[in-house]
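These notes concern the structure reproduced below.
Keep in mind it's a predicted model, so treat the numbers as computed, not measured. Only this structure's heavy atoms are used, side chains among them; waters, hydrogens and symmetry mates stay out. Residue numbering restarts at 1 for every chain, and letters A, B, ... go by the order of the sequence lines.
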Amino acid sequence: MPELPEIEIVKRSLFKMINKAKIIDIKINNKNLRYKIPGTLYKKLINKKILKISRRSKYLIFHFKDKLLLVHLGMSGKFLVSKKNNKLLKTSFYYDLNILPKHNHIYFMLNNNCTLIYNDVRRFGFFKLYENLDLEKITFLKKLGPEPFSNLFDVKYFIKFIKNRQKNIKNLLMDQTFVSGLGNIYVNEALFLSKIHPLKKCSNLKRNSIKTLIRNIIKVLKISINQGGSSIRDFKNTYGKSGNFQQFFNVYGRENKNCSRISCKGKIKKISISNRSSFYCDHCQN
DNA sequence: AGGCATGTTACAGG
DNA sequence: ACCTGTAACATGCC
């Protein structure tokens with residue numbers, strides 16, 4: 001669940017459930033995530049109040065007084081909130097319910113009768129704790145390009161960045177130093193909406209295509225956030241059900257299917273670009 | 001059994 | 001320096 005919209009949904013639901021809560025106990029089952037969980041985590045965060053939860057790109061940031069906890073969910077990281085009745089509440093949109101307790105790596109017991117659980121099957125996620133450090137100084141965040149929704153991500157920036165670059169557009173959009181928060185799904189979807197072939201050399205894009213592409217990146221992310229948001233708002237109705245965003249996929253995972261554009265007779269093709277699956281319509285993305 | 005998976009990083013080689 | 005492909009990380013699902 002790891003691209004910008006999913007992280008945004010996690011952030012919003014965490015905010016609703018645990019913002020301003022105080023951590024009263026921490027249990028660490030497995031320190032071996034992508035990076036070792038700092039041994040000081042317990043000591044530093046106990047009795048600390050969560051002042052704010054924010055997102056930068058695919059990173060979540062828990063704000064404490066003079067401390068920041070940076071979290072990346074990797075490929076399979078999930079936050080769950082368990083209430084005192086012990087029923088697991090979903091705080092993000094999982095597309096299945098195969099959440100095994102054996103992959104619960106960290107428990108944060110809170111003073112609001114909730115326990116925040118970090119569950120991560122593949123353990124590519126990580127936690128880093130920073131003290132007395134501004135957000136802008138965090139190495140992981142420093143190298144990130146602009147947020148897709150930011151004013152900084154505009155045609156001018158785009159054109160300047162691709163000058164003298166030979167990359168294909170798929171890899172450019174996957175490059176977090178160019179624009180941050182996109183991943184394989186939304187890059188594929190945005191390129192489809194923009195009728196751009198994923199292997200197109202970015203420096204060959206016309207100004208108008210770039211404009212369209214920027215607009216569609218923002219559009220697909222927003223639609224997804226709206227869908228995820230609506231599926232999470234009333235989690236009882238959606239508990240155990242697929243996230244709504246999947247129904248908006250035009251190309252991702254749709255190999256050999258017909259193009260969803262009514263007027264298009266094309267088929268969705270799958271190719272590998274830099275070892276990642278790329279899906280595109282062989283007719284309208286030429 | 002082997003390939004694939006929403007992410008990131010390191011490395012080799014062009 | 002830039003770009004691409006490959007592998008690695010760990011686990012589960014076709």
In terms of heavy-atom contacts, A/Val251 and A/Cys281 come closest through CG1-N, 4.4 Å
Please list, chain by chain and in numerical order, all residues satisfying salt bridge (Lys or Arg N to Asp or Glu O under 4.0 Å) with A/Lys195, sequence neighbours excluded. none
Take atom NZ in A/Lys22; do more than 12 heavy atoms of anything else shown fall under 6.0 Å from it? no
Going by the rule salt bridge (Lys or Arg N to Asp or Glu O under 4.0 Å), which residues pair with A/Lys201 if we only count those two or more places apart in sequence or in a different chain? none
Mind checking if A/Lys102 touches a base, just sugar-phosphate, or nothing, with heavy atoms under 4.0 Å? sugar-phosphate
Give each protein N/O atom lying under 3.5 Å from an N/O atom of nucleotides 8-13 of chain B, with the pair distance.
{"from": "B/dT8", "atom 1": "OP1", "to": "A/His72", "atom 2": "NE2", "distance (Å)": "3.1"}
{"from": "B/dT8", "atom 1": "OP2", "to": "A/Lys58", "atom 2": "NZ", "distance (Å)": "3.0"}
{"from": "B/dT8", "atom 1": "O3'", "to": "A/Arg34", "atom 2": "NH2", "distance (Å)": "3.1"}
{"from": "B/dT9", "atom 1": "OP1", "to": "A/Lys143", "atom 2": "NZ", "distance (Å)": "3.4"}

Winner on side-chain proximity to A/Val121, out of C/dT11, B/dC4, B/dG7, is C/dT11
Roughly how many Å is it from CG in A/Asn30 to P in C/dT11, rounded to a whole number? 8 Å
Is the terminal nitrogen or CZ of A/Arg56 (NZ for Lys, CZ for Arg) located under 6.0 angstrom from the six-membered ring centre of A/Phe140 and within 45° of that ring's axis? no
The dot-bracket string of DNA chain C, counting Watson-Crick and G-U wobble pairs with both distances under 3.5 Å, using [ ] for crossing pairs and | for pairs to another strand, is .||||||||.||||
Ring geometry between A/His197 and A/Tyr280 (parallel below 30°, tilted from 30 to 60°, perpendicular above 60°): tilted
Verify the cluster assignment for A/Ile9 and A/Tyr59: are they in a single hydrophobic cluster under the rule of side-chain heavy atoms below 4.5 Å apart? no
Under the side-chain hydrogen bond (donor to acceptor under 3.5 Å, both in side chains) rule, what do A/Lys170 and A/Asn184 come out as? Steps first, then yes or no, please. CA-CA 9 Å; A/Lys170 165 86 193 295; A/Asn184 207 22; 2.8 Å; yes
Under 3.5 Å, is there a donor on one side chain and an acceptor on the other for A/Asn111 and A/Lys20? no
For nucleotides 2-5 of chain C, list the nitrogen or oxygen atoms of the protein found under 3.5 Å from its nitrogen or oxygen atoms, one pair per line.
{"from": "C/dC3", "atom 1": "OP1", "to": "A/Gln166", "atom 2": "N", "distance (Å)": "2.9"}
{"from": "C/dC3", "atom 1": "OP2", "to": "A/Arg165", "atom 2": "NH1", "distance (Å)": "3.3"}
{"from": "C/dG5", "atom 1": "OP2", "to": "A/Ser274", "atom 2": "N", "distance (Å)": "3.1"}
{"from": "C/dG5", "atom 1": "OP2", "to": "A/Ser274", "atom 2": "OG", "distance (Å)": "3.1"}

Please list, chain by chain and in numerical order, all residues satisfying ring pair (Phe, Tyr, Trp, His ring centres under 6.0 Å) with A/Phe158, sequence neighbours excluded. A/Phe178
In whole Å, what is the span from the NE2 atom of A/His103 to the P atom of C/dT11? 7 Å
